[in-house]
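In what follows, a structure is listed as structure tokens, so that the remarks can point back to it.
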Amino acid sequence: MIDARGRLGPYLFLAPAILYLGIWIYYPIAKNFYLSFLGSDSTRTGDYYFVGLENYRKLLSDDLFHRALLHNLAWVGLSIVIPVVIGLVLAVLLVGRRGRLFYAAVFFLPVTVAPIMAAIVWGWIYNPTFGALNQLLDIIGLSGLSQPWLGDTGTALVAVNMIGSWGYYGFCALIFLAGLQSIDPEIYEAARIDGANSFQSFWSITLPLLRPTLMFVIVYTIIGSMKFFDIIYVATKGGPDNSTQIVAVYMFDLFIRQGEVTYAAAMSMVLTAIILLMSLVVIRNVMRRA
Amino acid sequence: MAKLTAHALAAAAFLAVTWTAAASAQECKPEDRKILTVWDQFEYYGMTAAGPAVEEIHQAFQDEHPCVVFSRSVFGGGFPIRNAVELALTSGEAPDVFYSWPSGAGLTTYANAGYLADLTPYADKYDWWARLPDWAIQRNSFKGKLYAYPWEQDLEYVYYNKALFKELGIDVPQSFDDVLAWCDTASAAGKIPIALGNQDLWPAVNMWTDVTALVGGRQVGLDLLQDRQDWNSAEPRKALDMILQMVEHNCFSPGFNGTSYNDSLLQFYSGQATAIWTGTWVIHAVVENMPEDKLDIFYMPAFDDEHPQATHMSEGSAWYIWEGSEVKDLAAEYIEFVSNPKWLETWVGKGYTIPIQKTPIDFKAYGVSDLIAQAFAKGQAMQDRNVDAFHTTAPPRVTFVMYNDIQGVLTGETSPEDFLSKLDKQMEEAKQAGEVWAP
């Protein structure tokens with residue numbers, strides 16, 4: 001009896017979490033997967049029938065989906081290059097210094113701002129007629145660089161990514177700071193005695209030892225970037241001319257407005273698969289090097 | 001002693017509640033006890049700021065129906081109510097009555113899927129036919145049956161700053177050339193001629209609808225929306241070309257695709273812009289934010305010699321009854337109650353909401369300003385020429401392309417031909433999916 005209880009014990013403790021995940025995560029994913037193989041002749045009638053891979057085939061010829069996916073990949077790249085790198089640099093500059101917690105808190109502040117509010121306020125900053133950014137450019141004599149930042153197809157994606165980056169670099173800095181603080185200072189001391197300069201210490205000690213933290217941040221960034229939605233939905237709604245259209249925003253319109261439930265389901269399955277694949281590649285690569 | 005008193009008070013409270021409940025139960029026969037669920041969008045601020053007026057009407061309905069438990073939820077106007085209704089209907093658990101949009105193709109897909117109750121018998125019973133103009137009945141019908149009671153009147157025109165017009169020597173335009181001249185004069189003076197915030201996607205589509213009405217007339221609009229005429233055809237193309245000419249003449253806010261609708265209103269209120277081309281749905285806010293001595297309105301003039309002045313029109317939203325409702329008769333009674341002409345004064349005078357009516361509303365009787373009266377009276381007088389709003393009448397998959405791709409047309413990144421051809425392709429798909437407006 002005791003043995004049985006001992007074997008069952010861990011599962012009983014896990015049961016609430018498994019039940020919760022089952023109801024709110026795994027069942028919807030399974031249902032969504034099932035829906036992705038269905039289709040109907042009329043929108044919203046609910047008269048679904050099995051269409052096999054038809055929805056997935058349609059994705060292959062959907063130019064807007066391809067474009068949206070490319071925007072997601074660009075978003076991943078920008079989100080790794082800008083906030084992750086800035087966060088890493090800030091963490092390296094702060095580690096071991098007095099007052100680092102104060103600065104970490106300051107950098108972390110934008111993370112506490114609701115993304116929708118950030119999008120609205122940054123929308124004003126970017127406003128072509130009264131926005132602070134263009135006014136600043138005027139003041140410093142660079143009025144030639146003034147742009148309708150969110151209204152130009154050439155600048156909109158980067159401009160809207162800056163909103164996301166502003167709200168994310170503090171998070172990266174805090175995580176990196178925690179990772180850096182776990183590195184034994186004696187290793188740096190030994191390297192310095194051996195004649196290593198700051199760059200060599202960073203390259204040969206900090207980066208390798210920070211690899212697990214880096215892996216976490218990169219995977220987290222990839223997942224967040226691929227399923228990104230709120231800031232773009234508020235700031236540009238995918239425009240102008242679809243230049244900030246990303247998969248989640250496109251999917252939302254298909255599902256909610258156009259009633260294309262099964263096609264949107266297929267799209268979300270492909271997006272999930274891409275996120276999993278990208279995350280696995282990064283994890284495997286980093287693990288191998290570690 | 002204190003414990004005894006507490007027990008006595010608790011017992012008295014219990015008896016009082018029981019007695020009240022019993023009394024209520026005696027007053028209401030079991031068959032009269034009903035729950036009516038209503039979702040609307042009448043808030044206290046914003047575009048549908050008729051909250052106080054609606055509460056007064058609801059209270060009167062409640063007073064007349066003491067046995068009805070009235071459950072009302074207020075959603076944000078625009079997309080929040082529409083998204084909520086979409087999810088509710090498709091999940092099979094919707095409110096008895098909902099006040100939402102769009103009609104036309106949007107109504108067609110819901111009616112075709114069996115989500116909407118047929119209101120034709122109620123229209124017969126309450127003689128809604130006598131109240132509603134034909135165009136509004138058409139927009140809310142599917143295969144000859146009425147599926148929604150159209151409510152707020154939407155019309156689009158130009159709000160302008162008459163003080164700025166006077167200062168810059170601009171007259172209200174009488175032709176398309178006058179419009180271009182106005183743009184030249186205002187932009188040369190460092191002002192935005194027409195505030196446009198097309199980040200919200202629909203304002204430019206509305207403008208395009210207006211110009212199509214001006215160069216094509218009502219029948220062209222009906223033919224386009226009911227798939228009897230290709231989008232890639234003369235009138236929609238001519239309308240786009242005219243708007244592109246306006247872009248060339250710097251008629252609109254710089255970076256209009258990156259400016260929100262609300263910010264374009266601010267450009268107008270602050271005097272940065274001489275005018276804004278929008279509609280009745282925002283009249284409450286405009287009147288509140290602009291001094292009376294500066295504000296006036298006009299409808300865009302005839303743009304060519306062949307077609308008279310016109311604009312676009314629609315209902316802002318309409319009352320629907322869910323097919324799955326168990327209290328359809330009560331729901332229809334509710335719609336009849338709130339839409340009854342006896343409440344016109346409350347809707348118009350207190351709610352800034354102008355219902356669609358066959359007979360012209362006597363605005364002066366309700367203390368409405370001349371400006372508001374003029375806006376509605378003139379637009380309603382043109383109803384035989386006005387075009388149905390493209391973006392609230394076309395199938396959603398067509399609207400999606402209109403919204404997103406017209407941004408590229410206006411900046412020259414998408415050619416009008418490509419845009420219009422893409423609309424035709426979407427229309428073909430919509431037809432196959434049974435989504436085209438079929439009154």
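Below, chains carry the letters A, B, ... as their sequence lines are ordered, and counting in each starts from 1.
Atom CZ of A:F255 and atom CG of B:L87 lie 6.0 Å apart (nearest 0.5 Å). In this structure, CG on A:D253 lies 9.0 Å from OH on B:Y403, to the nearest 0.5 angstrom. Taking CD1 of A:I256 as the start and CG of B:N83 as the end, the distance is 5.5 Å to the nearest 0.5 Å.
The local environment of NZ in A:K58 is crowded, with over 12 non-hydrogen atoms from other residues, nucleotides or ligands closer than 6.0 Å. Sparse packing is recorded around OH of A:Y27, with 12 or fewer heavy atoms of other residues, nucleotides or ligands lying under 6.0 Å away. With a 6.0 Å radius and a threshold of 12 heavy atoms from other residues, nucleotides or ligands, A:Y20 has its OH atom at or below the threshold. Counting heavy atoms of neighbouring residues, nucleotides and ligands inside a 6.0 Å radius, atom OH of A:Y48 exceeds 12 of them. Around the CZ atom of A:F229, the shell of radius 6.0 Å holds more than 12 heavy atoms that belong to other residues, nucleotides or ligands.
Residues A:K237 and B:L201 share a closest heavy-atom pair of CB-CD1, 3.9 Å.
At a threshold of 4.5 Å between non-hydrogen side-chain atoms, the residues A:D241 and B:T411 do not count as touching. Counting only heavy atoms from C-beta outward, the side chains of B:F400 and A:L254 never approach each other to under 4.5 Å.
Here B:D405 is the residue among B:D405, B:I192, B:L266 with the most heavy-atom pairs under 4.5 Å with chain A. In terms of heavy-atom pairs under 4.5 Å with chain A, the best-connected choice from B:T399, B:D263, B:T90 is B:D263. Listed options A:D152, A:D47, A:T153 were ranked by heavy-atom pairs under 4.5 angstrom with chain B; first place goes to A:T153.
For residues 246-260 of chain B, heavy-atom neighbours of chain A at less than 4.5 Å comprise B:P254, B:G255, B:N257, B:G258, B:T259, sorted by residue number. Taking non-hydrogen atoms and a 4.5 Å limit, the residue list of residues 419-439 of chain B in contact with chain A, ordered by number, reads B:Q432, B:A433, B:E435.
Among the candidates B:N404, B:V401, B:T414, the single residue satisfying the side-chain contact (heavy atoms from CB on, under 4.5 Å) test with A:N242 is B:N404. Remark: of the listed residues A:Q258, A:R44, A:R257, A:R44 is the sole one forming a side-chain hydrogen bond (donor to acceptor under 3.5 Å, both in side chains) with B:E86.
There is no contact between B:I406 and chain A, counting heavy-atom distances below 4.5 Å. B:D200 touches chain A through backbone and side chain together, each having a heavy atom under 4.5 Å away. For a residue to count as touching a neighbouring chain, one of its non-hydrogen atoms must lie under 4.5 Å from one of that chain's; by this rule A:A159 does not touch chain B.
Sorted by first then second residue, the side-chain hydrogen bond (donor to acceptor under 3.5 Å, both in side chains) pairs that include residues 129-149 of chain A, not counting sequence neighbours, are A:N127-A:T129, A:T129-B:Q267, A:N134-A:W149.
Not counting sequence neighbours, the partners of A:S36 by the side-chain hydrogen bond (donor to acceptor under 3.5 Å, both in side chains) test are A:Y56.
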